[in-house]
Participant: 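The following block contains the structure, expressed as structure tokens.
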Amino acid sequence: MTTVSRKELGWAAFMGTVLVGSAFMLVQLHCQARQLYVEHEHELDIHRRLLDDKADLEMKVRRASLPGNIGAGAAMLDLEGVTAVNTVTLVEQADGSIDFLPETRRQLDEFLAAEAGDDADGKGERK
């Protein structure tokens with residue numbers, strides 16, 4: 001059996017200390033990398049949500065400006081702009097069909113009945 005000198009023992013202790021210190025540093029770096037990854041994913045999630053909000057707001061702005069765009073286009077073509085008088089609102093019925101508002105439906109039925117009455121009288125002229 002060979003004897004170990006103090007120099008070799010000291011060197012082994014020093015290398016063991018360096019090895020344990022390196023292991024602690026490796027664990028610490030791994031922990032920091034994991035924290036950075038979690039923060040990065042969180043920031044990406046916020047970025048995605050902000051992009052969704054941006055797209056939603058842009059759509060709302062487009063919808064809000066649509067009547068103005070239609071009015072400007074109508075004016076360029078010398079047409080009458082959009083007003084409540086010449087706009088018809090459609091609604092979805094309980095059975096899934098699309099129909100006019102009840103007030104508009106009543107006015108339309110009265111108009112069609114009056115027109116049918118004019119045709120029945122033989123006048124048949126449209127104004």
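For this chain, numbers begin at 1 and follow the sequence in order.
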Participant: Less than 4.0 Å between a side-chain N and a carboxylate O, is that true for R49 and D53?
Facilitator: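 The answer is no: the pair does not qualify as a salt bridge.
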
Participant: Consider only side-chain heavy atoms of I, L, V, M, F, W and Y, link residues closer than 4.5 Å, and tell whether W11 and V18 are in one cluster.
Facilitator: yes

Participant: Take E43 and H40, measure what side chain to side chain contact (heavy atoms under 4.5 Å, CB included) needs, and give me the verdict at the end.
Facilitator: CA-CA 5 Å; E43 296 299 324; H40 177 70; 5.6 Å; no

Participant: Looking at CG of L51 and CG of D56, how far apart are the two atoms once the value is rounded to the nearest 0.5 Å?
Facilitator: 12.5 Å

Participant: In Å and rounded to the nearest 0.5 Å, what is the CE to CD distance from M15 to E8?
Facilitator: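 Answer for the CE-CD pair, M15 versus E8, is 13.5 Å.
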
Participant: What's the separation between atom CE in M59 and atom CG in L57, rounded to the nearest 0.5 Å?
Facilitator: 11.5 Å

Participant: In Å, rounded to the nearest 0.5 Å, how long is the span from CD of E41 to CG of L36?
Facilitator: 12.0 Å

Participant: For the hydrophobic clusters of this structure (ILVMFWY residues joined by side-chain heavy atoms under 4.5 Å, transitively), does one cluster hold both L90 and L112?
Facilitator: yes

Participant: Please report the closest heavy-atom contact between L9 and V4, naming both atoms and the distance.
Facilitator: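 Where L9 meets V4 most closely, the heavy atoms are N-CG1, 4.0 Å.
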
Participant: Start with the C-alpha gap between R105 and D99, add the side-chain angles, then the distance that decides, and say whether side chain to side chain contact (heavy atoms under 4.5 Å, CB included) holds.
Facilitator: CA-CA 8 Å; R105 171 54 68 194; D99 198 6; 2.7 Å; yes

Participant: Where the side chain of T17 meets the backbone of A13, is there a donor-acceptor pair that is under 3.5 Å apart?
Facilitator: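 At least one qualifying donor-acceptor pair exists.
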
Participant: Evaluate side chain to side chain contact (heavy atoms under 4.5 Å, CB included) for L108 paired with F100, printing each intermediate quantity in order.
Facilitator: CA-CA 9 Å; L108 182 61; F100 297 102; 3.5 Å; yes

Participant: To the closest 0.5 Å, what do you measure between NE2 (H30) and CD (Q35)?
Facilitator: 11.0 Å

Participant: Measure the CZ-CD distance between R34 and E39 for me, rounded to the nearest 0.5 Å.
Facilitator: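 Nearest 0.5 Å value for the CZ-CD distance: 13.5 Å.
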
